[in-house]
Amino acid sequence: MISIKNLHKKFGDLEVLKGIDADVQKGQAIVVIGPSGSGKTTFLRCLNTLETPTSGSVTIDEQTADFSKPLSKKQIMAFRKQSAMVFQHYNLFPHMTALENVMEGPITVQKQDKKLARKKAEQLLTKVGLGEKINDYPFQLSGGQQQRVGIARALALEPKVMLFDEPTSALDPELVGEVLQVMKDLAAEGMTMVVVTHEMRFAKGVADEVLFMDEGRIIERGKPEDIFNHPTEERTKRFLSLIQKTDVI
Amino acid sequence: MKFPKNGLVKMYLNSIFSDPVRMERLVDIAQSSFLPLIEATLQFTLPLSIISFIFGLILAILTALARISTVKIFQIIARVYVSIIRGTPLLVQLFILFYGLPTLGITIDPFPAAVIGFSLNVGAYASEVIRAAILSIPKGQWEAADTIGMSYTQSLRRVILPQASRVSLPPLSNTFISLIKDTSLASLILVTEMFRVAQQIAATNYEFLLLYGQAALLYWVICFALSLVQGRLEHRFDRYVSR
């Protein structure tokens with residue numbers, strides 16, 4: 001479903017991604033972990049060209065973006081339609097209700113029929129447990145509720161791939177569970193997902209595969225039980241032991 | 001400067017109230033000039049203000065977008081335009097348009113000349129307001145619009161400008177209120193707007209204080225009504241903001 005080849009990204013002189021190769025199969029949930037500054041968020045943002053990679057290519061379901069030459073706006077927009085993103089800070093449109101947020105993509109971008117889009121948006125919001133809140137503005141919702149609207153908004157586009165950028169990092173601890181549950185359900189339904197997160201329990205429980213990144217490279221990848229129980233790389237071991245220490249505290 | 005010995009207000013009021021004939025004359029003039037002043041307001045002052053504000057706003061949005069665009073030449077054009085308009089007096093701009101351009105063979109009637117002048121003026125000042133308002137919208141909003149597949153214009157129209165208009169409403173109301181009062185300058189390029197009518201009437205009867213007072217009152221009423229509208233709009237915009 002996704003094929004990433006030799007992806008590089010430089011910000012000025014700083015090389016954040018130093019050649020990433022990865023493949024994601026249809027229906028897989030991939031979790032990307034790694035210390036802060038490892039480039040995992042940049043990597044995710046390269047998958048929908050929110051950051052334009054310096055070189056390399058990304059293929060999502062037969063649409064290839066080759067970054068060795070500059071892409072036209074049309075190419076970028078066509079490529080973006082393959083995926084949808086859920087943000088750390090939700091980035092809901094504050095001037096629209098939950099329902100309007102979810103309907104916005106289908107109506108404005110995909111030119112769908114308003115009634116149909118509305119019905120679909122209602123279903124999606126019900127699915128993420130917000131059937132009662134469809135007419136609330138974002139400021140009236142808790143962080144967890146806002147993030148679930150964010151997920152519904154992304155799903156409304158019927159993307160082939162869902163990208164999650166630390167979706168629970170900005171949430172109060174007691175609200176993390178409701179968002180993870182929605183994501184878990186999505187994975188179970190066979191949605192192809194790439195998730196950057198610090199939630200190791202989610203990685204262990206839901207991921208088909210875990211990528212460990214450090215200093216702009218994929219250091220290790222494998223099944224979650226392998227990565228968490230028998231990491232082969234020194235850096236992975238160090239990272240995991242640091243995380244487990246804080247888990248105990 | 002010359003001041004009457006007994007205090008000026010007292011003297012003026014005395015001259016009226018102790019003299020029934022003068023009193024009657026003033027009431028007559030006030031009554032008879034009321035209609036022409038209102039007429040001039042409806043016919044020129046308000047249309048001039050509204051048309052110029054609409055054109056000015058469109059110009060302002062374009063200028064603001066040019067300023068924040070990545071195309072150097074757009075930025076430069078916008079900067080030069082704003083700099084020229086803000087760096088020269090409005091009255092001088094109007095005079096150049098109306099009295100100056102005929103020298104180059106370009107003759108514009110008073111009203112269109114005034115519309116052009118005021119639109120250019122509003123465009124420059126409001127562009128700074130709108131630019132600041134657009135820049136105040138978090139980057140995440142652009143990104144969210146990008147990821148749901150919106151084009152630049154769709155992002156602007158559906159996501160950025162609706163939010164920016166909330167931020168820019170108070171300063172833009174200021175611009176509009178200033179504009180309404182500034183239209184009195186159009187009297188100097190022969191637009192028979194309200195203040196010019198007041199001047200014309202005063203020239204026939206020498207009751208300057210009365211006529212200019214009436215004009216001032218009318219301006220104030222318009223601006224007060226506008227501030228009420230502003231309040232209502234702000235209230236409507238605030239429906240999606242916690243307070």
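By convention in this document, chain letters (A, B, ...) are assigned in the order of the sequence lines, proteins followed by strands, and residues within each chain are numbered from 1. Worth saying up front: this structure is predicted, and the values here are computed from it rather than measured.
Ranked by heavy-atom pairs shorter than 4.5 Å toward chain B, the options Asp136(A), Val109(A), Leu92(A) are led by Val109(A). Heavy-atom pairs under 4.5 Å with chain B were tallied for Gly105(A), Ala78(A), Ala84(A), Pro94(A); the largest tally goes to Pro94(A). Chain B forms the most heavy-atom pairs under 4.5 Å with one residue out of Glu104(A), Met85(A), Gln110(A), and that residue is Glu104(A). Top candidate by heavy-atom pairs under 4.5 Å with chain B, chosen from His89(A), Lys73(A), Arg153(A), is Arg153(A). Here Thr108(A) is the residue among Asn48(A), Leu163(A), Thr108(A) with the most heavy-atom pairs under 4.5 Å with chain B.
Of the inter-residue distances, the one linking Lys81(A) atom NZ with Thr147(B) atom OG1 reads 13.0 Å to the nearest 0.5 angstrom. If you take CD on Gln140(A) and CZ on Arg239(B), they are separated by 11.0 Å, rounding to the nearest 0.5 Å. Separation of atoms CE (Met77(A)) and CD (Gln154(B)) is listed at 6.0 Å; rounding is to 0.5 Å. Between the CD atom of Gln163(B) and the CE atom of Met96(A) there is a distance of 8.0 Å, given to the nearest 0.5 Å. How far CD1 of Ile76(A) is from CG of Asp146(B): 9.0 Å, rounded to the nearest 0.5 Å. In this structure, CZ on Phe93(A) lies 8.0 Å from CD1 on Ile160(B), to the nearest 0.5 angstrom.
Neither the backbone nor the side chain of Thr49(A) comes within less than 4.5 Å of any heavy atom in chain B. The contact between Glu143(B) and chain A is made by backbone and side chain atoms together, counting heavy-atom distances below 4.5 Å. Looking at Phe87(A), the atoms closer than 4.5 Å to chain B (heavy atoms on both sides) all sit in the side chain, from C-beta outward. For His95(A), the parts lying near chain B are the backbone and the side chain together; criterion is any non-hydrogen pair under 4.5 Å.
Heavy atoms from other residues, nucleotides or ligands lying under 6.0 Å from CD of Glu174(A) number more than 12. Under a cut-off of 6.0 angstrom, the local environment of CZ in Phe34(B) is sparse, with at most 12 non-hydrogen atoms contributed by other residues, nucleotides or ligands. Enclosure of atom CZ in Phe74(B) is not indicated, since only 12 or fewer non-hydrogen atoms of other residues, nucleotides or ligands lie within 6.0 angstrom. Counting heavy atoms of neighbouring residues, nucleotides and ligands inside a 6.0 Å radius, atom CD of Glu189(A) exceeds 12 of them. Enclosure of atom NZ in Lys111(A) by more than 12 non-hydrogen atoms of other residues, nucleotides or ligands within 6.0 angstrom is indicated.
When all heavy atoms of Asn91(A) and Ala144(B) are compared, the pair lying nearest together is O-CB, 3.4 Å. Here the shortest heavy-atom pairing between Tyr240(B) and Phe139(A) reads O-CD2, 3.2 Å.
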